[in-house]
Amino acid sequence: MEESRPPSRWFETGLDNTEVPPGTSANPPPRSSTTERSTRVSSHLVQGKKNRWIRTKIFKLKNQTLSAWRPVMSEKGAFLLFLIFSFVCIPMGAIFIKLSKTMNEITLDYTDCFADDGSNCKDFVLDVDNQIAGDHCECSLTFSLHEHMDDQVMMYYGLSNFYQNHRRYVESKDDNQLLGDDITAEPSDQCDPLSKAFDANVNQVLPIVPCGAIANSLFNDSFQLECVVDGSPNVVVPLIRTGIAWESDKKYRFKNPSGSGSLESRFAGTTKPVNWHKYVWELDPEDESNNGLENEDLIVWMKTAAFPQFRKPYRKIDHSDENFKNGLPTGQYLLRVNYSYPVTQFDGTKSVILTRSTLIGTFDIFLGVMYVVAGSLAFCISILILVLHIKYSLSKRIMQSNPDPADLRASTAQLVDKLKPNFLSKQKSQFPQTS
């Protein structure tokens, strides 16, 4: 008799029990234990719940249905909100206006400044030969200071009708280049057509550093302030070149190329902008920390203005000097100007401003006026809300005390229609119909 043998897995697939397919083990793989299977199932469930939760959140975010606090403003809440806003803004605006009016500010327009020989400097800088040669016109202005200026006195230059906010002008720069990264590489396309220029010193076309229209139009007038003393030579007012730019700009936006050589060697392989008469490493040769792309005059100019009429910081009065430690005293002053920047082409004007800095900055009455206007508008809105609230509250009370007969009849009919089914059902239950 043949020995019986247990059935094989291969019998279930239709294969002979005595033969094993090539490359296959005779022993089938062991089944996973119940614990392992439950672990895998639970992990899949957890992952599925997590994915479902993420999809739900994303769906709510895209459809703007996330949980949020949506306050329902009442009449009293709106009235108090506008009233508090007005009580905060109006006093602040009055304080700002008061501080602005107490500032002593001198503005000197030198657009039509005349040289000692009687020529107008405005016409001198328009001459092409003078522009190519880099010649400048020297003129002077005399003014009187009738009130003493306390410490923190600053000198600004102002321009009008100059649109630094033009889109093409604002974008015309290379931020990577201003950070000192690979300055000899191809400048950004945003600098075109002021990205490269011919340098006569090396007789070849080189990348411009800094490139673009903003740097090319750098303000290059210079000033010297002197105090006029009777019977004695004029006393030159000391000016500080640094401390006029934002510290964050110097730290994060403008950097000279790294290296151990001189600043000129680190800018090798580059040339100056077309309208400049000096290279970038010659902007302030007396102070290495204020030279090159880290020059504060350049940084201030590269920060474009929002309006066509603007002012930018030029210098700070050095109050460490014994003659000016308490500010600028009253008296006669002389302002010497090296006139180089043309403004006639765009019908602009140029001016020098002497002012002192306060908690709200320099003279600016616009901020105070805007606070007062906003506060006054909020106060008027609060009064309007109060009047409307009182008016409609009284109307509602009058209507409640003297109801309209038609409204009473309609409400009575609605009440009867509402109670009639209940009344009929009770009648049927108390007096059942007999067949």
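Numbering of residues begins at 1 and proceeds along the displayed sequence. Atoms considered below: every heavy atom in the structure, side chains included; atoms not considered: hydrogens, waters and symmetry mates. These numbers come from a predicted model, not from an experiment.
- Thr111 approaches Lys122 most closely through the heavy-atom pair O-CB, 3.7 Å.
- Heavy-atom contacts from other residues, nucleotides or ligands closer than 6.0 Å to CG of Asp116 number 12 or fewer.
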- Item | Criterion side chain to side chain contact (heavy atoms under 4.5 Å, CB included) on Leu159 and Phe310, from CA distance to verdict | CA-CA 6 Å; Leu159 294 175; Phe310 58 86; 3.9 Å; yes
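- Nearest heavy atom pair, residue Phe79 against residue Ser382, reads CD1-O, 3.1 Å.
- Asn176 places no side-chain N or O within 3.5 Å of a backbone atom of Asp182 that could act as its donor or acceptor partner.
- Inter-residue side-chain proximity for Lys272 and His277 is flagged as unmet; no heavy-atom pair is nearer than 4.5 Å.
- If you take OG1 on Thr271 and CZ on Phe198, they are separated by 9.5 Å, rounding to the nearest 0.5 Å.
- Across Ile299, Val280, Leu263, a single residue satisfies side-chain contact (heavy atoms from CB on, under 4.5 Å) together with Leu293, and that is Val280.
- Leu83 is listed as a side-chain neighbour of Phe379, based on a closest heavy-atom distance under 4.5 Å.
- Residues Phe124 and Tyr339 place their aromatic rings such that the two centres sit no closer than 6.0 Å.
- Taking a 6.0 Å sphere around CD of Gln309, one finds it holds 12 or fewer heavy atoms contributed by other residues, nucleotides or ligands.
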task = Start with the C-alpha gap between Leu367 and Tyr371, add the side-chain angles, then the distance that decides, and say whether side chain to side chain contact (heavy atoms under 4.5 Å, CB included) holds.
result = CA-CA 6 Å; Leu367 182 63; Tyr371 268 97; 3.6 Å; yes
Item to check | side chain to side chain contact (heavy atoms under 4.5 Å, CB included) between Thr270 and Thr184, worked out | outcome: CA-CA 6 Å; Thr270 64; Thr184 58; 4.2 Å; yes
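- In plain terms, the two heavy atoms of Cys113 and Ser140 that are nearest each other are SG-N, 3.9 Å.
- With sequence neighbours excluded, no residue forms a side chain to side chain donor-acceptor pair (under 3.5 Å) with Asp230.
- Contact check on Glu247 versus Lys251 returns no salt bridge, with no Lys/Arg side-chain nitrogen under 4.0 Å from an Asp/Glu carboxylate oxygen.
- Checked against the 6.0 Å centroid threshold, Tyr279 and Phe267 do not count as a close aromatic pair.
- Note that CG of Leu225 and CE of Met155 are 4.5 Å apart. Values are rounded to the nearest 0.5 Å.
- Under a 3.5 Å cut-off, the side chain of His319 and the backbone N or O of Val153 do form a donor-acceptor pair.
- Residues Pro285 and Leu283 share a closest heavy-atom pair of CD-C, 3.9 Å.
- Between Glu294 and Lys250, no side-chain nitrogen of the basic residue sits less than 4.0 Å from a carboxylate oxygen of the acidic one, so the salt-bridge criterion is not met.
- A donor-acceptor contact shorter than 3.5 Å is absent between the side chain of Glu138 and the backbone of Arg336.
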Worksheet item: So Glu296 and Lys316, salt bridge (charged side-chain N to carboxylate O under 4.0 Å, His left out) or not? Walk me through it.
Response: CA-CA 12 Å; Glu296 296 202 18; Lys316 294 167 64 175; over 6 Å; no
Exercise for the section: Run the numbers on Ser172 and Gln190 for side chain to side chain donor-acceptor pair (under 3.5 Å), then give the verdict. Expected result: CA-CA 5 Å; Ser172 185; Gln190 293 178 333; over 6 Å; no
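- Counting non-hydrogen atoms of neighbouring residues, nucleotides and ligands closer than 6.0 angstrom, the NZ atom of Lys76 reaches no more than 12 such neighbours.
- Using a 4.5 Å heavy-atom cutoff, the side chains of Leu141 and Leu334 are not in contact.
- A side-chain contact (heavy atoms from CB on, under 4.5 Å) with Tyr333 is found for one member of Thr142, Val228, Leu328 and no other, namely Leu328.
- Glu288 has a carboxylate O that lies under 4.0 Å from a charged side-chain N of Arg266, or vice versa, which qualifies the two as a salt bridge.
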Check against side chain to side chain donor-acceptor pair (under 3.5 Å), Thr107 and Ser351 | CA-CA 7 Å; Thr107 302; Ser351 58; over 6 Å; no
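- Using a 4.5 Å heavy-atom threshold, the side chains of Val372 and Ser376 count as touching.
- With values rounded to the nearest 0.5 angstrom, Phe223 atom CZ is found 10.5 Å from Leu239 atom CG.
- Partner of Asp297 under the side-chain hydrogen bond (donor to acceptor under 3.5 Å, both in side chains) criterion, out of Arg315, Lys312, Arg241: Arg315 alone.
- Going from atom CG of Asp287 over to atom CG of Asp284 covers 5.5 Å, rounded to the nearest 0.5 Å.
- Residues Phe324 and Pro329 meet the side-chain proximity criterion, which asks for heavy atoms closer than 4.5 Å.
- Side-chain rings of Trp301 and Phe254 stay apart, their centers remaining 6.0 Å or farther from each other.
- Between Ile106 and Met149, some side-chain heavy-atom pair lies under the 4.5 Å cut-off.
- When the shell of 6.0 Å around CD of Glu286 is examined, it contains 12 or fewer heavy atoms from other residues, nucleotides or ligands.
- With contacts defined as side-chain heavy-atom distances shorter than 4.5 Å, the pair Asn161/Thr349 does not qualify.
- For the pair Asp174 (side chain) and Pro187 (backbone), a donor-acceptor distance under 3.5 Å is absent.
- The heavy-atom pair separating Met92 from Val88 by the smallest distance is CG-O, 3.2 Å.
- Shortest non-hydrogen contact noted between His166 and Arg168 is ND1-N, 3.2 Å.
- Going from atom CG of Leu388 over to atom CD of Glu75 covers 9.5 Å, rounded to the nearest 0.5 Å.
- Taking the side chain as every heavy atom from C-beta outward, Leu178 and Asp175 approach each other to under 4.5 Å.
- With rounding to the nearest 0.5 angstrom, the SG atom of Cys191 is 12.0 Å from the NZ atom of Lys196.
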Result block: side-chain N/O donor-acceptor pairs under 3.5 angstrom for residues 206-221, not counting sequence neighbours:
{"from": "Asn216", "atom 1": "OD1", "to": "Val274", "atom 2": "N", "distance (Å)": "3.2"}
{"from": "Asn216", "atom 1": "OD1", "to": "Asn275", "atom 2": "N", "distance (Å)": "3.0"}
{"from": "Ser217", "atom 1": "OG", "to": "Tyr169", "atom 2": "OH", "distance (Å)": "2.6"}
{"from": "Ser217", "atom 1": "OG", "to": "Ala213", "atom 2": "O", "distance (Å)": "3.0"}
{"from": "Ser217", "atom 1": "OG", "to": "Ile214", "atom 2": "O", "distance (Å)": "3.1"}
{"from": "Asp221", "atom 1": "OD1", "to": "Ser340", "atom 2": "N", "distance (Å)": "2.7"}
{"from": "Asp221", "atom 1": "OD1", "to": "Tyr341", "atom 2": "N", "distance (Å)": "2.7"}
{"from": "Asp221", "atom 1": "OD2", "to": "Tyr110", "atom 2": "OH", "distance (Å)": "2.9"}
{"from": "Asp221", "atom 1": "OD2", "to": "Lys350", "atom 2": "NZ", "distance (Å)": "2.7"}

